[in-house]
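Working notes, structure below.
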Amino acid sequence: MHPEVATRHIARALGSSKRVVARSLSRLTEDGLQMLVTDGATPALQSYRLAS
């Protein structure tokens, strides 16, 4: 698992665009399959965790 990987790196690894990856991550969060985690101090630093 790579908790600090950037969306652009995921997109490159999948051969997809950043926009598609961001949309997919949002859908997974909306569907309750993962949770968005932020550090509170820096909104740009976000990560995702599988929902329990």
Single-linkage hydrophobic cluster, 4.5 Å side-chain cutoff, [X] and [Y] together:
{"X": "Val21", "Y": "Tyr48", "value": "yes"}
{"X": "Leu14", "Y": "Val5", "value": "yes"}
{"X": "Leu33", "Y": "Val37", "value": "no"}
{"X": "Leu36", "Y": "Ile10", "value": "yes"}

Closest heavy-atom pair and its distance - Gly32, Ala51: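 Result for this residue pair: O-CB, 3.1 Å.
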Heavy-atom closest contact (Ala11 atom, Lys18 atom, distance):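 Result for this residue pair: CB-N, 3.7 Å.
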Value rounded to 0.5 Å, distance of CZ in Arg12 from OG in Ser17: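 Atom-to-atom, Arg12:CZ and Ser17:OG are 13.0 Å apart.
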